[in-house]
Trainee: 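Attaching a single structure in C-alpha cells format; questions to follow.
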Amino acid sequence: MNIQRHSLALGSSILLAGFVGGLVLSGRMSWTSPSSAEAVSQQSASQVARPASLPAVLPDLSSVAEAALKVSVNISSTIIIQPPQDPFSQFFYGNRAQQSQSLGSGVVVSPDGYVLTNKHVIGNAGAEIRVTLPDGQERPARLVGLDDLTDLAVVKVDVGQQRLQTLPWGDSTKLRVAEWVLAIGNPFQLSGTVTLGIISTVKRSGEQTGAFQEFIQTDAAINPGNSGGALVNARGELVGINTMIYSETGGYQGIGFAIPSTTARGIMTELIENGSVTWGSIGAVDLVYLDRAMAERYGLNVTGAVVRSLSRNSSAFRAGLQPGDTVLTVNGQKVSSVDQIERIVVREKVGAQVRLEVQKANGRTVALAVPIVARESPAGRTR
C-alpha cells in the first residue's frame, strides 16, 4: 500500500504499466465487471479497487443454524448378529447372538415424521430403531426403506398429532465452490453440533468415494456420528446429506462428503413410495480403462473401456458385446473412465436401452443398443 502514497509524478509509463497490469489481473480473476481504459484513467491513484463480491464481514448464520437444529435428530439402531454356523468359528467366537449398536444423525423431511438418514446408520432391515427428536423426546421408529447403492434410508417416527418442522430443499446442482455451508449432526454423541465450512468441490467421484455417484466435498467438520445429518447452505436450504469422511486417523481432516440433495430427494421419494430403489444394469461386465499412454504402448489408436470378460447371461452379451471389445462412447458421451459408464447405466430405467459405440478387435466400429435390466443388491434382491 506504500506505492499508493507515491507522487503521481513517478512517470506516465509506470502509471500506465500499473493500470494495465491491474486490468489483466481483474479480468482473469473475474472480480469486477470490465471497464474502459478511459474510466480507469479517471480513478485517483490513491483509490484501491475492492472485489465487489467480497463482504466486509463474515455472514451471520446463527438464524440458519437455529432452523437447521430444529430438524436434526439423533438415531440409535440396534441389530442382532447371529452366531456363525460352522464349528470352527463357534469354538473361537461362541454360539450366542450378539447385539451391535450404531449411532448417527438424521433429518426430518416431513411434518408427519419421515426422517432421512444413511443406510449404514440403520444397518439392516431387522434393526430396532429409536429416534431422539429435536425437543429431546425419544421415540421408536420403523424402517420405511433403504438403498445399498446410495447409502440412504428413510425411517418413520410416530409423532401423533404433533407437526415437526422441516427445511426447504435446495438445488445442489447450483452449488458453487467456496460457498458457505453448515454441517449439522451428532458427532461422538454430542447432539446438536453445528460446524461451518465451504464447498470444496461440487462433484467428487472416483475410487475414493465409490463408482456410482458424485458427492459434494466440504471442509465443514464431519466426524463419526455426523452420518445422516444435514448439509445446509447460507439460505437455510437442505443441499446434502452428510455421509462419510476421508481420514487417516478416523477423525476430521478437512475432507468430508455429502450426498447431493437432488440425488437424496429422488431416492427418498422412491423409498417412501416403493420401499426400495430399482437401479439399472447391463449385467456382469468386467471393464478396464484404456488411456492414451496405454493405447500407445500397445500400438492402438483409440481410448476407451476394454471388455476383459462378461457373463453370457448379461444383456450386454446378448446385445453383441464381447471380450476384447473397446467401448468408445456411451449414450453419445466419450468414455473417460469405467466409473462414468457405471454411473450412466445405473441411472437408466429398467426396460430402456443404453447406446454403446464399440470398436471390435478387428478394428471395425459398431453401434450396440443394450437393454437395461434391474441391478441386483448384494442380498440378491432388486433395488
Side-chain angles (χ1 to χ4, degrees), residues 59 61-75 104-119 121-122 131 133-134 141 144-147 149-157 159 162-186 192 194-204 212-218 220 222 226-244 256-277 347:
L61 300 177
S62 56
S63 297
V64 172
E66 290 169 0
L69 287 170
K70 292 177 181 178
V71 307
S72 176
V73 302
N74 299 338
I75 298 178
S105 307
V107 184
V108 177
V109 290
S110 73
D112 58 346
Y114 282 100
V115 173
L116 183 61
T117 185
N118 283 140
K119 184 264 180 184
V121 171
I122 301 302
V131 172
L133 298 174
V144 174
L146 50 81
D147 180 61
L149 201 61
T150 57
D151 192 27
L152 286 170
V154 175
V155 301
K156 178 68 166 61
V157 184
V159 295
Q162 183 181 358
R163 306 298 286 175
L164 303 180
Q165 295 191 40
T166 62
L167 289 178
W169 285 92
D171 185 350
S172 55
T173 64
K174 296 181 179 178
L175 289 173
R176 302 174 64 189
V177 172
E179 181 176 341
W180 291 107
V181 285
L182 300 177
I184 319 294
N186 180 37
V194 180
T195 54
L196 171 67
I198 61 169
I199 299 293
S200 302
T201 302
V202 176
K203 295 181 180 180
R204 177 69 70 196
F212 302 112
Q213 61 177 315
E214 295 172 326
F215 289 88
I216 301 166
Q217 182 181 327
T218 178
I222 296 175
N226 270 115
S227 292
L231 188 71
V232 183
N233 65 14
R235 292 180 294 278
E237 299 169 332
L238 180 62
V239 294
I241 300 297
N242 304 319
T243 189
M244 62 181 176
F257 300 99
I259 300 169
S261 60
T262 50
T263 298
R265 192 175 187 181
I267 299 302
M268 176 197 73
T269 300
E270 196 162 349
L271 289 175
I272 292 174
E273 293 178 352
N274 305 319
S276 63
V277 180
R347 285 170 170 79

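Values below: every heavy atom of this structure, side chains too, minus hydrogens, waters and symmetry copies.
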Trainee: Taking all heavy atoms of Ile272 and all of Val144, pick out the closest pair and write down the distance.
Mentor: CA-CG1, 3.9 Å
Trainee: Of all the heavy-atom pairs spanning Asn226 and Gly185, show the shortest one and how long it is.
Mentor: ND2-CA, 3.5 Å
Trainee: Measure the shortest side-chain to side-chain distance between Asp112 and Lys156 over non-hydrogen atoms and say whether it is less than 4.5 angstrom.
Mentor: yes
Trainee: Work out which heavy atom in Gln165 is nearest to a heavy atom in Val71; give both atom names and the distance.
Mentor: O-CG1, 3.2 Å
Trainee: Under a 4.5 Å cut-off applied to non-hydrogen side-chain atoms, are Ile241 and Asn118 in contact?
Mentor: yes
Trainee: From Ile222 CD1 over to Gln217 CD, what is the distance, rounded to the nearest 0.5 angstrom?
Mentor: 10.0 Å
Trainee: Do the side chains of Pro134 and Leu69 get nearer than 4.5 Å, heavy atoms only?
Mentor: no
Trainee: Answer whether the closest heavy-atom distance between the side chains of Val108 and Tyr114 falls below 4.5 Å.
Mentor: no
Trainee: Where do Glu179 and Arg235 land on the side chain to side chain contact (heavy atoms under 4.5 Å, CB included) test, with the steps shown first?
Mentor: CA-CA 11 Å; Glu179 181 176 341; Arg235 292 180 294 278; 3.9 Å; yes
Trainee: Examine the side chains of Asp171 and Thr173 and answer whether a donor and an acceptor come within less than 3.5 Å of each other.
Mentor: yes
Trainee: Taking the side chain as every heavy atom from C-beta outward, state whether Ile267 and Leu149 have any atom pair closer than 4.5 Å.
Mentor: no
Trainee: Which distance, rounded to the nearest 0.5 Å, do you find between the CG of Leu146 and the OG1 of Thr117?
Mentor: 11.0 Å
Trainee: Using side-chain heavy atoms (C-beta onward) and a distance below 4.5 Å, is Asn242 in contact with Ser105?
Mentor: no
Trainee: Any chance you could measure Asp151, atom CG, to Ile122, atom CD1, to the nearest 0.5 Å?
Mentor: 10.5 Å
Trainee: I want to check something: taking the side chain as every heavy atom from C-beta on, are Val202 and Val177 in contact at a cut-off of under 4.5 Å?
Mentor: yes
Trainee: Atom CG in Leu61, atom CG in Asn233: separation rounded to 0.5 Å?
Mentor: 9.5 Å
Trainee: To the closest 0.5 Å, what do you measure between CE (Met268) and CD (Glu273)?
Mentor: 9.5 Å
Trainee: Is there a donor-acceptor pair under 3.5 Å between the side chain of Ser261 and the backbone N or O of Ser172?
Mentor: yes
Trainee: Do you know the tightest heavy-atom contact between Lys203 and Glu214?
Mentor: CD-OE1, 3.5 Å
Trainee: If you take all heavy atoms of Val107 and Val73, which pair is closest and at what distance?
Mentor: N-CG2, 4.3 Å
Trainee: Could you tell me whether the side chain of Phe215 reaches within less than 4.5 Å of the side chain of Ile259, counting heavy atoms only?
Mentor: yes
Trainee: If you compare all heavy atoms of Ala65 against all heavy atoms of Val194, which two are closest, and at what distance to 0.1 Å?
Mentor: CB-CG1, 4.2 Å
